Amino acid sequence: MSEPTGKYSITMPRDIAEAAKARSGPSGLSAYVAAAVARQIERDNLNELIQVAEAEHGPVTDEEIQALRDQLHQARQQQTGGASAA
């Protein structure tokens, strides 16, 4: 079952609206914009979680980020049988 919808009027730069309309495909501009807004809300929520975690535990260092990227890269290589994952 789909969520109830509402009709809203928004204003955005014409070039952005035209690009979104051109990319929206068969689902239409409303679905395209709704998906974009949903992704932005997810990002905002993640940023809030990061701020809370950093306030409690301190900021994550570049070295910690790189170490986690290295672990992820190694795990992907193991899953693909040692093939290089980009």
Side-chain angles (χ1 to χ4, degrees):
M1 185 189 282
S2 64
E3 294 286 326
T5 61
K7 189 169 184 169
Y8 302 91
S9 175
I10 62 168
T11 303
M12 69 175 79
R14 186 179 311 268
D15 60 335
I16 293 173
E18 291 301 321
K21 189 174 179 181
R23 292 180 174 264
S24 64
S27 63
L29 182 59
S30 290
Y32 189 85
V33 171
V37 171
R39 280 191 305 276
Q40 185 61 48
I41 291 168
E42 289 175 353
R43 292 177 121 193
D44 293 345
N45 289 340
L46 286 171
N47 283 332
E48 289 172 8
L49 287 172
I50 290 168
Q51 289 175 356
V52 168
E54 286 186 339
E56 186 173 334
H57 304 287
V60 179
T61 66
D62 290 340
E63 292 79 17
E64 291 170 320
I65 292 170
Q66 188 58 50
L68 291 171
R69 284 184 176 149
D70 292 343
Q71 287 177 8
L72 179 59
H73 180 71
Q74 289 172 356
R76 285 181 177 159
Q77 283 185 321
Q78 290 172 353
Q79 287 180 340
T80 61
S84 178

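Only a predicted model underlies this, so the values are computations on that prediction, with no experimental measurement involved.
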Check your understanding: Between Leu29 and Lys21, which heavy-atom pair has the shortest distance, and what is it?
Key -> CD1-N, 3.7 Å
Point to revise | Any donor-acceptor N or O pair under 3.5 Å, side chains Gln51, Asn47 | key: no
Point to revise | Gap between atom CD of Glu18 and atom CZ of Arg23 - 0.5 Å precision | key: 13.5 Å
Point to revise | Distance-minimising heavy-atom pair for Glu64 and Thr61 | key: OE1-N, 2.8 Å
**Study point:** Side-chain donor-acceptor contact under 3.5 Å, Gln66 with Asp70
**Key:** yes
Check your understanding: Is Ile10 reachable from Ile16 through a run of I, L, V, M, F, W or Y residues, each pair having side-chain heavy atoms under 4.5 Å apart?
Key -> yes
Check your understanding: Does any non-hydrogen side-chain atom of Asp44 lie less than 4.5 Å from one of Gln40?
Key -> yes
Check your understanding: Is it true that Ile65 and Leu72 fall in one hydrophobic cluster, defined by side-chain heavy atoms closer than 4.5 Å?
Key -> no
Check your understanding: In the single-linkage hydrophobic clustering (I, L, V, M, F, W, Y; side-chain heavy atoms under 4.5 Å), do Ile41 and Val33 co-cluster?
Key -> yes
Practice item. First locate atom CD of Glu63, then atom CG of Leu68, and finally report the distance between them rounded to the nearest 0.5 Å. Key: 12.0 Å
